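Side chains are part of it too, since the values below use all heavy atoms of this structure and drop only hydrogens, waters and symmetry mates. None of these values were measured; they are calculated from a predicted model. Note that the numbering runs from 1 along the sequence shown for the chain.
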Amino acid sequence: MTTAPRDALAARLRAAGSVFAEDEADLLLEAGAGDAARLRSLVQRRLGGEPLEYVLGWAAFDGHRVRVTPGVFVPRARTTVVVEHAARRLQRYDRVVDLCCGAGAISVALLGRVGALDLVAADIDPDAVDVAAENIGDRGIVVAGDLFEPLPERLRGAVDVIAVNAPYVPTASIATMPTEARDHEHRVALDGGADGLHLHRRIAAGAGEWLRPGGAVVIEVSEAQAPVSAAVFAAAGFSASVESDAEVDGTCIVATRTV
């Protein structure tokens, strides 16, 4: 088969600003295979600046294709640092909360790595809750609400791991984010308050009553914010460490309940 259509599409994507034009061309051609009208629509949406993941309807994450819809936070590869450190602390059937779950990418990845879990995912964005429920299916439950508020009472004091990718972008920095994020993802999925750590403080204050002794919060953060976030969790009575993965440019805090 000739590569001319792929090369021509890649050239158009590159001219529109795509950094990975050839890869994007392959994915778009796959998604529109056998349907010229659909392919044209997909290409036009992408050339118009819509994030590739929304155009395709899915995002790649930890070896999975996670469904996403417009407005819902798109999983980033760096969040696999949370998956890695959460999975190390889990065995099958352990109790896990995926807090600020977005599309449920962390849940999907943990289920793939660990196996069956007693899993509850939660998010305040109803669109995210709908997509997470689709991605997780009957392998867990998804609830809507503010942080710990919607969690089942049976989990209080019994959770093994709370895995979190809470918004941590400082409010003033949202304007400097790539346009695909700031113009397309819901602000509630990005805005972490004045210094980006507003939700980290709230989670540190509330997580202890949901974790079992020895249970841990594993929460994503930027490298620059990590010392402050770790100190927040330490002040709340946790044993906190900063963990990084240079390969995915990811950083997280692992905060263990000690009593």
Exercise. Are Gln44 and Ser41 close enough that a side-chain donor and a side-chain acceptor fall under 3.5 Å?
Worked result: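 Side chains of Gln44 and Ser41: no pair found under 3.5 Å.
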
Exercise. So, Thr171 and Asp191: side-chain donor and acceptor under 3.5 Å apart, yes or no?
Worked result: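 Judged by distance alone, the side chains do pair up.
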
To the nearest 0.5 angstrom, please state how far the [atom1] atom of [X] sits from the [atom2] atom of [Y].
X      : Y      : atom1 : atom2 : result
Asp98  : Asp123 : CG    : CG    : 8.5 Å
Glu53  : Phe73  : CD    : CZ    : 10.5 Å
Arg67  : Ile136 : CZ    : CD1   : 14.5 Å
Gln225 : Asp195 : CD    : CG    : 7.0 Å
Glu243 : Glu84  : CD    : CD    : 10.5 Å
Ile219 : Ile162 : CD1   : CD1   : 9.5 Å

Treat each ILVMFWY residue as a node, draw an edge where side-chain heavy atoms are under 4.5 Å apart, and state whether [X] and [Y] are in one component.
X      : Y      : value
Leu117 : Val120 : no
Val143 : Leu119 : no
Leu190 : Leu197 : no
Leu47  : Tyr54  : no
Ile106 : Val142 : yes

Minimum heavy-atom distance [X]-[Y], with the two atoms named:
X      : Y      : result
Cys252 : Val218 : SG-CG1, 3.9 Å
Thr258 : Gly237 : OG1-O, 3.4 Å
Ala226 : Thr251 : CB-CG2, 4.0 Å
Val81  : Ser244 : CG2-C, 4.3 Å
Ala10  : Ala21  : O-CB, 3.3 Å
Asn135 : Ala103 : ND2-O, 2.8 Å

Min side-chain heavy-atom separation [X]-[Y] under 4.5 Å:
X      : Y      : result
Leu28  : Leu52  : yes
Asn165 : Cys100 : no
Glu185 : Val72  : no
Phe61  : Val66  : yes
Val159 : Arg212 : no
Val217 : Phe233 : yes
Pro70  : Glu50  : yes
Ser229 : Ile253 : yes

Using 4.0 Å as the upper bound for N to carboxylate O, is an ion pair formed by [Y] and [X]?
X      : Y      : result
Arg139 : Glu134 : no
Arg92  : Asp118 : no
Arg78  : Glu220 : yes
Arg65  : Glu30  : yes
Arg12  : Asp7   : no

For this session: Could you give me the CA-CA distance, side-chain angles and deciding distance for Tyr168 and Leu199, then say whether side chain to side chain contact (heavy atoms under 4.5 Å, CB included) is met?
Result: CA-CA 8 Å; Tyr168 59 85; Leu199 286 168; over 6 Å; no

Strictly distance-based, threshold 3.5 Å: is any side-chain N or O of [X] a donor or acceptor partner for the main-chain N or O of [Y]?
X      : Y      : value
Asp94  : Asp160 : no
Arg89  : Gly215 : no
Arg14  : Phe20  : no
Asp245 : Gly250 : no
Arg182 : Glu180 : no
Arg257 : Leu211 : yes

For this session: Start with the C-alpha distance between Glu22 and Arg6, add both sets of side-chain angles, then the distance that settles salt bridge (charged side-chain N to carboxylate O under 4.0 Å, His left out), and finish with yes or no.
Result: CA-CA 7 Å; Glu22 287 78 12; Arg6 185 252 198 181; 5.6 Å; no

Exercise. Just wondering, more than 12 heavy atoms not from Asp249 lying within 6.0 Å of its CG?
Worked result: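 No, not enclosed.
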
Exercise. Should we count CD of Glu149 as having more than 12 external heavy atoms under 6.0 Å?
Worked result: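 Enclosed.
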
Problem set entry | Verdict with supporting geometry, Leu39 and Val43, side chain to side chain contact (heavy atoms under 4.5 Å, CB included) | CA-CA 6 Å; Leu39 178 59; Val43 170; 3.9 Å; yes

Exercise. Can you list the steps and then say if Val164 with Val82 is a side chain to side chain contact (heavy atoms under 4.5 Å, CB included)?
Worked result: CA-CA 7 Å; Val164 195; Val82 173; over 6 Å; no

Exercise. Should the pair Arg95 and Tyr93 be classed as cation-pi, given the thresholds of under 6.0 Å to the six-membered ring centre and 45° from the axis?
Worked result: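 No; the conditions do not both hold, so Arg95 does not lie above the ring face of Tyr93.
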
For this session: Might you work through the side chain to side chain contact (heavy atoms under 4.5 Å, CB included) test for Phe148 and Ile203, ending with a clear yes or no?
Result: CA-CA 8 Å; Phe148 303 104; Ile203 291 165; 4.2 Å; yes

